Amino acid sequence: MKHKDGKPGSHPDKNSRAFPMAMMFVVLCGLSFYLGGIFCSERDKIEVKDVAKVVSSPKESSVAPLQIKSTAFPECSSDYQDYTPCTDPRRWKKYGNHRLTFMERHCPPVFERKECLVPPPEGYKPPITWPKSRDQCWYRNVPYDWINKQKSNQNWLRKEGEKFLFPGGGTMFPRGVGAYVDLMQDLIPEMKDGTIRTAIDTGCGVASWGGDLLDRGILTVSLAPRDNHEAQVQFALERGIPAILGIISTQRLPFPSNAFDMAHCSRCLIPWTEFGGIYLLEVHRILRPGGFWVLSGPPVNYENHWRGWNTTVEEQKSDYEKLQELLTSMCFKLYDKKDDIAVWQKASDNSCYSKLTYPDAYPPKCDDSLEPDSAWYTPFRPCVVVPSPRIKKSVMESIPKWPQRLHVTPERILDVHGGSASAFKHDDSKWKIRAKHYKKLLPALGSNKIRNVMDMNTVYGGFAAAVIDDPLWVMNVVSSYAANTLPVVFDRGLIGTFHDWCEAFSTYPRTYDLLHLDGLFTAESHRCDMKYVLLEMDRILRPAGYAIIRESSYFMDAISTIARGMRWSCRGEDTEYGVEKEKILICQKKLWHSSNQSSR
């Protein structure tokens, strides 16, 4: 053996080297075993400690709080009072007319984003409180004469003095929505006993159907596209009824598979049998196994109505037969039918779907490359999403009835990384404590001053469950970049949507009374500019509305600075545990009126 310099070196005796090496090996093994025992015992100790004590042990964060320069945001011009950035009619000409794709989400690029405050309409007043708001709203808050002139003869709404009144009529329920839903309940007894809890209304009008169902214990998402005249979703939210902008066009709706217990279309003008039944395939995807699809209007009861539909009886008969054939191919069966209402039920088990594997079957079964819950800018595909055979307790016949299902651990929590029954129960208990603390900090929470609520980054819907007995409803938002927990939210009997907070939400301005976030900036600030997220919160928050911002102390100063620039008043509060690492901001948006500044 040679050294690096090439000179010969001595060769030590092998036996003399073996003994100390063996001794060193024994010592190291013993030391490793000893330290491992200490580590394991300490880990067990940490697991049984109270969460509050563990979190509160550090005195101050070693990282200095984020500081930003103060900015006073200008007003947008008054023609932006109903601005919806990602569904803006000003930009429709850039997109195609095929299947109304121009009405889908098309968000502006970063360099076109508005950095101004959206003004309220002239004469805006604080909204009428629930439950009176279901039947009336201030005309000046949603000043759209076109819908009043076009739909007043159908009893959608009518203008009287300073108010719009909502008599509960509709194109397919001239005797009133109450009588219409009564007939529906006769056809679907599951609407009466808590089996059906969540519903979606496609092409919702002014959401009278969803409003009526609230008294019957059914929570409905009313869905309609942005348009130039009708402002259907804005009317719904002004009334205090859950709604969201959206259209069934070329992309999946922002909901997970097997979510809703019931879907409804009352002359919603969706061409269900066109394009290979692609729109029906989306209804099938979002309906829970055993769920119901309700259709009134063409071609149902065509024998008595075809003359008023400017068509022929032969055409309507053909449309109805085509519709029935498509539904049968997707494993729907006709459940019941009477007068103008027909009800189909999605198969509860997977035995029917075996026929989709035949070579000439249409529509075919979706392959495994398509994630059933992928629903954020996900294009439609002409295939059937077959429910997972693992879903057994989530079918209509097996899921607990409302309200028991709210606190029963959903089986789909096992699909969430780290999800378990114990994690669910812990989350449920945690939010009961937090909601109680919030009500001390914000007494308006739980009163009729707060109706429309959004939890901007929920996990399992714990906040919504904790305030379920209050006169409000909660839109649970799950980030499209976070773990997919939205199926758990729906399985609890709550409603929600996927969203990416780097973009504008699918709603009109001034539509929520309370926005709640829990660590949103901690989770998303590496992707989303905090300034634009807060400006979006200002757009969708009603004047005099509130925000509960629960965040790391690191972000609090920066959030407060931006909030002041938006004319919000904020105060800092401790969490229920009084820790230094995390704080709460209670903010309120100021009511102000436009000074008619130019567009920015």
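Quick caveat: nothing in here was measured; it's all calculated off a predicted structure. We count residues from 1, following the sequence as given.
K449 NZ: 12 or fewer foreign heavy atoms inside a 6.0 Å radius. At most 12 heavy atoms of other shown residues, nucleotides or ligands fall within 6.0 angstrom of atom NZ in K393. Within a 6.0 Å radius of NZ in K365, no more than 12 heavy atoms belonging to other residues, nucleotides or ligands are found. Within a 6.0 Å radius of CZ in R571, other residues, nucleotides and ligands contribute more than 12 heavy atoms. Other residues, nucleotides and ligands contribute over 12 non-hydrogen atoms within 6.0 Å of the NZ atom of K355.
The line from OH of Y554 to CG of L66 is 4.5 Å long, rounded to the nearest 0.5 Å. From L445, atom CG reaches atom NE2 of H516 across 9.5 Å, with rounding to the nearest 0.5 Å. A distance of 4.5 Å separates CZ of R99 from OH of Y279, quoted to the nearest 0.5 Å. Summarising the geometry, atom CG belonging to L486 is positioned 7.0 Å from atom OG1 belonging to T497; distances are rounded to the nearest 0.5 Å. Summarising the geometry, atom CD1 belonging to I450 is positioned 5.0 Å from atom CG belonging to L514; distances are rounded to the nearest 0.5 Å. Here M475 contributes atom CE and I540 contributes atom CD1; the two are 10.5 Å apart, rounded to the nearest 0.5 Å.
Closest approach of L253 and I200 over heavy atoms only: CD1-CD1, 4.3 Å. In this structure, A423 and G418 approach most closely via the heavy-atom pair CB-O, 4.2 Å. In terms of heavy-atom proximity, S479 sits nearest to R527 at OG-NH2, 4.4 Å. Of all non-hydrogen atoms in P410 and V488, the two that sit nearest each other are CG-CG1, 3.7 Å. Considering all non-hydrogen atoms of both residues, L219 and P242 come closest at CD1-CG, 4.1 Å. When all heavy atoms are compared, the tightest approach of K346 to R288 is CD-O, 3.7 Å.
Between the side chains of E551 and T522, at least one donor-acceptor pair of N or O atoms lies under 3.5 Å. The closest side-chain donor-acceptor pair between R105 and Q251, if any, does not fall under 3.5 angstrom. In this model, no donor atom of one side chain and acceptor atom of the other lie less than 3.5 Å apart for T575 and E582.
Between the side chain of S222 and the backbone N or O of D201, no donor-acceptor pair lies under 3.5 Å. At distances below 3.5 Å, at least one donor-acceptor pair connects side-chain atoms of E411 with backbone N or O atoms of K392. R197 places a side-chain N or O within 3.5 Å of a backbone atom of G217 that can act as its donor or acceptor partner. The closest donor-acceptor contact from the side chain of H407 to the backbone of Q404 lies at 3.5 Å or more, if one exists at all. For D500 (side chain) and S480 (main-chain N/O), no donor-acceptor pair under 3.5 Å exists by modelled atom type. Not a single donor-acceptor pair under 3.5 Å links the side chain of R226 to the backbone N or O of L245. At least one donor-acceptor pair closer than 3.5 Å links the side chain of H284 to the backbone N or O of M330. No donor-acceptor distance shorter than 3.5 angstrom exists from the side chain of K583 to the backbone of M556, with no hydrogens or angles considered. In terms of modelled atom types and a separation under 3.5 Å, the side chain of Q345 and the main chain of G290 share a donor-acceptor contact. Between the side chain of S329 and the backbone N or O of L326, at least one donor-acceptor pair lies under 3.5 Å.
Aromatic ring pairs are classed by plane angle as parallel below 30°, tilted from 30° to 60° and perpendicular above 60°; the pair Y438 and F463 is perpendicular. In this structure, F521 and F555 have tilted ring planes: the angle between them lies in the 30° to 60° band. The aromatic rings of W501 and F505 sit parallel, their planes meeting at an angle under 30°, below the 60° perpendicular limit.
Ion pair E576/R550 flagged as a salt bridge, since at least one NZ, NE, NH1 or NH2 atom sits closer than 4.0 Å to an Asp/Glu carboxylate oxygen. Taking a cutoff of 4.0 Å between a charged side-chain nitrogen and a carboxylate oxygen, K425 and D428 do not qualify as a salt bridge.
The side-chain heavy atoms of E371 and T378, taken from C-beta on, include no pair separated by under 4.5 Å. Considering only heavy atoms from C-beta on, H437 stays 4.5 Å or farther from I433 through its side chain. With contacts defined as side-chain heavy-atom distances shorter than 4.5 Å, the pair M262/M191 qualifies. Annotation: side chain of F424 is in contact with side chain of R492 (closest heavy-atom distance under 4.5 Å). No side-chain heavy atom of T195 sits under 4.5 Å from any side-chain heavy atom of D261.
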(Q) Would D513 and R542 count as a salt bridge (Lys or Arg N to Asp or Glu O under 4.0 Å) here? Give the steps. (A) CA-CA 6 Å; D513 300 300; R542 285 172 168 172; 2.8 Å; yes

Q. Checking salt bridge (Lys or Arg N to Asp or Glu O under 4.0 Å) for the pair R113/E536: CA distance, chi angles, key distance, verdict?
A. CA-CA 11 Å; R113 286 182 176 177; E536 175 62 5; over 6 Å; no

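Taking the ring centroids of Y512 and W473, they lie under the 6.0 Å cut-off.
Figure legend: cation-pi geometry between R405 and W402 absent, as NZ or CZ is not positioned both under 6.0 Å from the six-membered ring centre and within 45° of its axis.
Of the listed residues (V221, I270, I247, V283), just one forms a side-chain contact (heavy atoms from CB on, under 4.5 Å) with T202, and that residue is I270. No option in W293, Y335, F292 other than W293 meets the ring pair (Phe, Tyr, Trp, His ring centres under 6.0 Å) test with W344.
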